[in-house]
Amino acid sequence: MEEKKTVLSVKNLSVSFTQYERWIKKTTLLAVKDVSLTVREGELVAVVGSSGSGKSLLAHGVLGILPYNAAWSGEISYYGEKLTEKRMGQLRGKEIVLVPQSVSYLDPLMKAGAQIRNGKRDQGSMGESLKTLKRYGLDETVEKLYPFELSGGMTRRILISTAVMEKPKLVIADEPTPGLHLEAAKRVLSHFREMADEGAGVLLITHDLELALKVADRIVVFYAGTSVEEASASDFREERLLRHPYSKALYRAMPDHGFCAAPGAQPYIKDRPSGCPYAPRCERREAKCLEKVDYVSLAGGMVRCVKAEEG
């Protein structure tokens, strides 16, 4: 079997922000620290973590749309070539597309059809637009509706339609299911699975592990601005197959596995420990957990834990 090409490679990505305290004291806030992941053709990789863990910053860093006071370091490659700011500008919205978290990305003064076609009016684009609407269970009359006339689920599908019209090779979906009821959320995520099955690489940003496991090939677990584990979705069938204590805690917190939340809370970025960010909440912590912990390969996945090999 031919090996799938790597669409996106992120190595040691860190994102920081410059801030001013009391208007005069300049500080640097390291929001994302030392993140690495890959997305291959035909693969859906889900980045899972709680709010404030830095997941969306990862997506924005890859897309080159970080705010003006942000800086990043590391290496981002697309099909093996370095993804420079210039190259990203050429690819963004064409080969690389974002399905954003906020429905405010739609123009409130433009009808849905025109937005799906990106303003094109030729017959080919019109026909493709109608086919795309039908594919996602939307009637052709939706073309003539404004965003305020759409339901939450319809809006999500319009955002997806604007993405697939460009036949992208890399799709980045940033929290695409907020505010949707369960069935609508499942339906939206199934569309991203379809994109992957058709050959695109899909990076899904979400806080919902349970939904992610229904569509993802691999899961990258985020905590306090960094990746603590990368695992096959099938590893979440059993707790013993997981590598990091936080991943195991997420497993136990799922409804089918006891609905048992771990004590404590994710630290604010300013209060993140220098070693494993989960160490203050971990029952197995020891002194070396508070030192630098490398992200290493283990049992077919990746983990940032000094005790992982002990099981």
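Computed over heavy atoms, backbone and side chain alike; hydrogens, waters and symmetry mates excluded.
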Sub-4.5 Å side-chain heavy-atom contact between Cys276 and Cys305: no
Have a look at Gln266 and tell me which of Ser50, Ser53, Ser51 forms a side chain to side chain donor-acceptor pair (under 3.5 Å) with it. Ser50
Does Ile172 share a hydrophobic cluster with Val35, counting links as ILVMFWY side-chain heavy atoms below 4.5 Å and allowing steps through other members? yes
Which class fits the ring pair Tyr251 and His257: parallel under 30°, tilted 30 to 60°, perpendicular over 60°? parallel
Candidate pair Leu209 and Phe236, rule side chain to side chain contact (heavy atoms under 4.5 Å, CB included), full reasoning: CA-CA 10 Å; Leu209 174 59; Phe236 279 84; 3.8 Å; yes
Under the criterion side-chain contact (heavy atoms from CB on, under 4.5 Å), which of Val47, Val15, Leu63 is the partner of Leu58? Val47
Are the side chains of Ile219 and Asp235 in contact, using a 4.5 Å heavy-atom criterion? no
How about Val164 and Thr132: do any of their side-chain heavy atoms sit closer than 4.5 Å? yes
Donor-acceptor check, side chain of Asp174 to backbone of Pro100, threshold 3.5 angstrom: yes or no? no
Any donor-acceptor pair under 3.5 Å linking the side chain of Arg40 with the backbone of Glu43? no
Check whether Asp139 reaches the backbone of Val142 with its side chain - one donor and one acceptor, N or O, closer than 3.5 Å. no
Using the rule that Ile, Leu, Val, Met, Phe, Trp and Tyr join whenever any side-chain heavy atoms are under 4.5 Å apart, tell me whether Val48 and Leu189 fall into a single cluster. no
Test: Glu128 and Arg117 ion pair at under 4.0 Å: no
Check for a donor-acceptor pair, side chain of Glu149 on one end and backbone N or O of Tyr146 on the other, with a separation under 3.5 Å. yes
Is it the case that the side chain of Arg272 and the backbone of Tyr278 share a donor-acceptor pair, with hydrogens and angles ignored and the cut-off at 3.5 Å? no
Donor-acceptor pair, distance only, cut-off 3.5 Å: does the side chain of Thr6 make one with the backbone of Leu8? no
Just wondering, are more than 12 heavy atoms of other shown residues or ligands nearer than 6.0 Å to CD in Glu283? no
Is it the case that the side chain of Ser227 and the backbone of Glu229 share a donor-acceptor pair, with hydrogens and angles ignored and the cut-off at 3.5 Å? no
Does the side chain of Gln90 reach to within under 4.5 Å of the side chain of Glu95, using non-hydrogen atoms? no
Strictly distance-based, threshold 3.5 Å: is any side-chain N or O of Gln115 a donor or acceptor partner for the main-chain N or O of Asp107? yes
State whether the side chain of Arg243 and the backbone N or O of Leu298 hold a donor-acceptor pair below 3.5 Å, judged by distance alone. yes
Keeping Lys94 on the side-chain end and Pro168 on the backbone end, is there a donor-acceptor pair under 3.5 Å? no
I'd like to know whether CZ of Arg87 has more than 12 heavy-atom contacts from other residues, nucleotides or ligands below 6.0 angstrom. yes
What are the two closest heavy atoms between Arg218 and Thr38, and how far apart are they? NH2-O, 2.7 Å
Between Val171 and Phe192, is any pair of side-chain heavy atoms under 4.5 Å apart? yes
